[in-house]
Each structure stands twice: as C-alpha cells, then as structure tokens.
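A, B, ... follow the sequence lines: proteins, then strands. Residue 1 opens every chain.
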Amino acid sequence: MSTVFLALQDVDDSRPVVEAIKKDNPSAVVESQPAMIRITAEGELVVKRETVSNESGTDWDPQDIHLILISFGGNVDEDDDYFKIFWQD
Amino acid sequence: MANKLNMRDRYKLMTRLGWETSYQPMDKVFPYDSYEGIKIKDWDAWEDPFRMTMDAYWKYQGEKEKKLYAIMDAFSQSNGHLNISDARYVNALKLFLQGVSPLEYQAHRGFARQGRHFTGEGARVACQMQSLDELRHVQTQIHGMSHFNKYFDGFHDFAHWHDRVWYLSVPKSFFDDANTAGPFEFMVAIGFSFEYVLTNLLFVPFMSGAAYNGDMSTVSFGFSAQSDEARHMTLGLEAIRFMLEQHEDNVPIVQRWIDKWLWRGYKVLSLVSAMMDYMLPESPMSWKEAWEVYFEQNGGALFNDLARYGITVPDYAEICTKEKEHLSHQVWGILYNHTAAAAIHTWMPDDAKMNWLSEKYPDTFDKYYRPRFEYWRDQAENGNRYYSQTLPLVCQTCQIPMGFTEPDDPTQISYRVSEYNGDKYHFCSDPCKAIFDFEPEKYCHAWMPPQQIFQGNCGGEGLPAVLEHYKFNLGADNMDYVGSPDEANWNLWKGLNGSVSGDVKAS
Ligand SMILES: [Fe+2]
Ligand SMILES: [Fe+2]
Ligand SMILES: [Zn+2]
C-alpha cells in the first residue's frame with residue numbers, strides 16, 4: 001500500500017483540521033516543518049466535515065480545505081461531507 | 001437545505017455547458033485534438049475530482065488573495081527583507097523571478113489555448129480555471145518580488161532576460177516545447193510533469209526553506225500558488241487516466257510522453273537543486289532528501305497507481321537515483337563559473353555550509369566536490385576569482401551546459417552526439433538524445449544561446465556586447481556576491497564588518 005500525504009499551512013485555520021484528521025485517521029503521522037504541517041498515512045486519509053466542525057465550533061465545508069492546502073499526493077474524492085485522498089493499489 | 005443539490009450534481013450542472021454544434025461539424029470546431037493519435041470515445045467520461053464550480057472558485061480564490069496580499073503588505077511595511085538570514089538568499093528569488101514566474105505566464109497562455117481546443121467541455125472548463133490560476137501566480141510573484149527589487153539588483157528586467165539569457169533558455173525551452181505540442185501532449189507535459197514533479201519540489205520544500213530563511217512573503221505566495229497547483233496536479237492525472245481509459249492505443253503514446261516530459265522536467269529541476277543546497281543559507285532539507293520524499297516516494301506511489309493501465313516507471317529512473325548525489329554540486333559549479341554572464345550572484349560556500357553538505361552527501365561531497373570548491377575559494381580569496389570567458393557547449397534538448405557526469409563515473413563528462421541532415425547535435429545524456437532522435441525535425445530548430453551568440457544575433461561579438469544586449473547592469477547584476485553592491489548594501493543595513501561605502505540602491 002502506498003503512502004498518501006497532505007501538506008497544510010501551519011496557520012490557525014489548520015488546527016481544527018489537523019485535530020480532526022488525528023481523530024478520524026489514528027495511524028496518520030503528523031510532522032511539523034518550517035511554515036507547514038505534513039501528514040502522511042498508509043493508503044488513505046480522510047477529513048470529515050462533522051469532525052472538523054465539532055473541533056472548530058463552526059460549520060466547515062470540505063472545500064474550505066483550499067484555504068489551507070499546500071499540496072497532497074494521492075487521488076481525490078471530494079463530497080459535501082468529506083475530503084479524501086487515497087491510492088487505489 | 002432539503003432542496004439543495006449535492007456537490008456532484010451542482011458541479012455537473014454548472015460545468016457541462018457545451019452543446020453539439022450544428023452550423024459546422026464538431027471536428028471542424030475542435031480540429032486540434034485528434035492529430036496526435038489519441039483516441040477518445042466518450043468525452044462525457046471526463047471527471048474532475050475537484051468539483052469546483054465557478055462561484056466557489058471566485059469565493060475561494062478571492063479569500064486566498066486577500067490573505068496573501070495582507071501578508072505581503074505586512075512584509076513590506078516591516079522591511080521584511082532585513083529579517084532574512086543573509087542577502088545571498090535573495091539570489092534564489094532572482095532565479096525564481098527570471099526562470100519560473102515567466103513559466104507561470106506561459107502556463108496561463110497554454111491552458112487558455114487548451115481551454116478552447118478540447119472537444120469535451122469538462123476538460124475545457126478545467127483548463128480555463130487553471131489558466132486563471134496561472135495568471136494569478138505570475139501576478140502575485142511579480143508583486144511579491146517588487147519589494148525585493150527596491151533593495152537588490154538582478155530583478156529589474158526579468159522578462160527581457162527570460163527570452164534571451166543563456167541559463168534561462170533551460171526553463172524557457174521546456175515550456176516552448178510544451179506549447180508547441182498538441183493539446184494532449186501539453187497536458188502530460190504541464191499538467192503531469194510540471195505540476196506533479198516540479199511544483200511539488202519547488203513550492204513545497206523550497207518554500208518551506210524560504211520560511212526557514214525568514215522570507216514570509218515568498219513562502220506565502222509559494223504556498224498560495226501550490227494550493228492551486230494541487231488542483232492542477234489532479235487535473236493532469238485525470239487527463240492521463242482519461243486517455244488511458246479511453247483506448248488501449250493511447251497507452252504507448254502516453255508512456256512516451258511521460259518518459260519525455262519527466263526527463264525534461266527533471267532537467268529544469270536541476271536549477272532548483274542548486275537553489276536548495278547552495279542558495280538557501282540555512283537549509284532545512286537537502287535536495288537529495290526532497291527528491292527522495294517528493295519524487296521517489298510520492299512519484300513512486302503515483303506509478304504504482306498507474307501500473308494497472310500498463311504504465312511503467314521510465315527506464316532512466318536509475319540515472320536520477322545515481323545523480324541525486326551529484327546534481328546540485330555540478331549545477332552550482334556551472335553557475336559559479338559562468339556568473340559573469342548571469343544576473344545572479346554566486347559564491348563559494350563557507351566552512352559551515354561545506355560541513356552541512358558533507359553530512360547530507362557523505363558519499364560524494366568530500367570525495368568529488370569539496371576539494372574543487374575549496375580550491376576555487378582559495379583562488380578567489382587570493383584575488384583570482386575565476387570567471388569563464390568562453391561559451392559552453394549546451395545540450396540540444398535541455399539546453400544545460402554539458403557539465404553533468406556519466407551516471408557511473410563522476411569524473412567523466414557525459415556526452416552524446418546525433419547526426420541529422422548532415423549536422424551534428426550534442427546531448428548531455430541518453431534520455432536527452434532519445435528525445436531528439438524521436439523528433440529531430442522539431443529540436444534541430446531549437447534556439448541555442450551559444451550558437452546564436454556566435455552567429456552575431458545577440459548584440460555582437462564578445463561578452464561585453466552580449467551583456468549589453470541582455471541589459472545587465474554590469475558589476476551589479478552579475479559576478480560574485482563578494483564585492484557586489486548587494487553585499488555592500490546588506491553590510492551597511494545590518495551594521496556588519498566589511499561594510500564599504502557603496503551607494504545604497506534605495507534609501
Ligand atoms: Fe502556477
Ligand atoms: Fe499550475
Ligand atoms: Zn540534456
């Protein structure tokens with residue numbers, strides 16, 4: 001299984017997203033690098049609307065990820081309730 | 001909420017706005033997407049994984065811009081250039097503005113064209129949005145750099161330089177090659193190779209390095225651009241997958257394009273290797289480490305994903321694996337020797353930097369490069385700073401001077417030749433030769449800077465005439481960092497020793 005990665009800006013808006021990722025993807029590895037947060041996981045990584053909204057206290061639209069996103073590696077599956085990256089093999 | 005369409009339906013409704021033409025047949029309205037041999041059975045199968053509609057696009061892009069410009073304003077207002085690690089760092093930005101930002105503009109034009117020429121409206125809409133993104137990138141980069149232009153040399157004529165100066169023909173020829181290809185090849189060249197491989201290395205580890213060196217302005221436009229590039233990579237990948245799924249005859253064509261364009265992109269990236277290892281005074285990550293994470297690991301995962309279509313990793317991947325130990329040192333050597341004819345400053349690394357390089361490149365730096373660099377440094381300190389006065393032989397395909405070594409012998413310059421129509425053409429490597437040999441009628445027309453200079457098309461004979469043609473401010477834009485007005489100004493502003501009373505560019 002290949003590794004997916006998600007790079008987010010190290011800014012305040014990323015905090016609830018990172019917290020939600022940790023909750024929903026227990027095996028994800030979160031790493032701090034200058035000005036950015038790099039998250040890796042085996043096979044797939046999901047960011048759920050409900051979990052981020054609970055963390056931040058406001059409704060979070062999965063497309064809001066564009067405001068903090070730097071880059072990622074993997075295929076994208078995006079819907080009203082989640083943002084997911086994955087490798088198929 | 002109950003009546004609101006979900007994201008998929010909304011996306012479909014707002015992007016599938018095409019129709020079957022009736023006054024003219026479809027293949028006459030869209031004449032350019034068939035001659036490359038790519039067979040498409042069903043354009044409706046095109047699916048953009050980011051279901052971005054125009055209203056959402058404006059909303060998010062507007063918000064990103066506001067944040068970015070606020071940071072750039074704050075950087076300027078607080079004289080942010082005084083907080084960078086060292087003025088040498090600024091030369092990476094010069095190379096960026098001269099070599100990369102014009103490619104953003106080229107990408108804007110290229111995607112605008114594909115946004116007209118694909119038969120399928122899903123592909124057209126995605127290309128049009130990307131075209132707008134790329135225009136935003138070049139604009140934010142010029143704006144961000146305009147602050148540095150007030151205080152440092154080497155920024156003022158970047159667009160003029162991009163079209164003329166020898167080392168900038170490396171990135172320029174890459175994009176000219178893509179923009180003169182058909183629309184599907186363009187998608188592999190730019191959507192895949194450029195976005196997936198190049199931007200991930202340039203806009204992620206290099207930009208993180210910019211932050212590490214105190215440049216919050218550049219890291220902000222870098223990350224802001226890369227958040228668009230992330231969408232672009234996805235589009236490039238979708239284009240590849242779409243071609244592969246539409247017809248099995250497309251597979252060998254796509255494979256050849258992948259092989260060609262990953263190599264072309266890799267050669268352009270060699271400039272970034274020098275930026276990361278030598279031009280960032282404080283380096284959080286070496287070129288080799290970045291290559292391992294973003295190409296070997298991430299690119300490897302991508303190839304695993306494409307394997308089910310019969311796509312394989314290019315044969316030359318092994319060359320890249322060997323070269324990652326050497327690339328940045330060899331490129332820096334080339335730039336150092338030819339810096340009299342470049343609008344960047346170069347320098348020899350100090351002891352601390354050399355030790356860092358030894359640590360990051362334990363198998364190669366001390367053995368092959370440290371002795372050479374220490375010798376050059378001694379020579380410079382004794383007043384014999386070497387500047388090459390001759391023109392290098394450059395590779396007909398990638399246009400980089402022939403300074404790379406054989407993959408298995410780092411003491412031997414790699415050199416290949418082909419003959420075409422009675423003329424000899426020179427190459428830096430087997431893959432560059434293979435690219436030429438497949439389309440010699442295209443590459444024999446390449447605009448080669450040394451040949452053009454010798455033919456008298458660049459201002460006249462001799463280096464001074466050429467540099468005047470380039471519109472360099474001689475002695476300010478070019479030559480070693482040591483002794484430059486940039487150095488004098490920096491020492492003055494920072495109250496450092498060795499400050500000489502040079503004239504301060506902006507007061
Ligand atoms: Fe871009
Ligand atoms: Fe892009
Ligand atoms: Zn070459």
Under 4.5 Å from any heavy atom of chain A, what part of [X] do you find: side chain, backbone, both or neither?
| X | value |
| --- | --- |
| Gln297(B) | side chain |
| Val219(B) | side chain |
| Tyr11(B) | neither |
| Leu302(B) | both |

Whether His66(A) and Tyr60(B) hold their rings parallel, tilted or perpendicular, with breakpoints at 30° and 60°: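 Correct class here is tilted.
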Is [Y] close to [X] at the side-chain level, that is, under 4.5 Å between some pair of heavy atoms?
| X | Y | result |
| --- | --- | --- |
| Asn200(B) | Phe5(A) | yes |
| Gln63(A) | Thr53(B) | no |
| Val293(B) | Arg38(A) | yes |
| Trp87(A) | Asn304(B) | no |

Minimum-distance pair of heavy atoms, taken over all atoms of Met233(B) and Ser71(A):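 So the two residues come closest at CE-OG, 3.1 Å.
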Heavy-atom pair with the smallest gap, counting every atom of Leu69(A) and Ser227(B):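 In terms of heavy atoms, the two residues are closest at O-CB, 2.9 Å.
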Option in Gln9(A), Gln88(A), Gln33(A) with maximal non-hydrogen atom pairs under 4.5 Å from chain B: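 When all of Gln9(A), Gln88(A), Gln33(A) are compared, Gln88(A) has the most.
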Residue selection (most heavy-atom pairs with chain B, distance under 4.5 Å) from Thr3(A), Asp64(A), Asp77(A):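 Heavy-atom pairs under 4.5 Å are most numerous for Asp64(A).
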Carboxylate-amine/guanidinium proximity below 4.0 Å for Lys67(B) and Asp13(A):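 Salt bridge present between Lys67(B) and Asp13(A).
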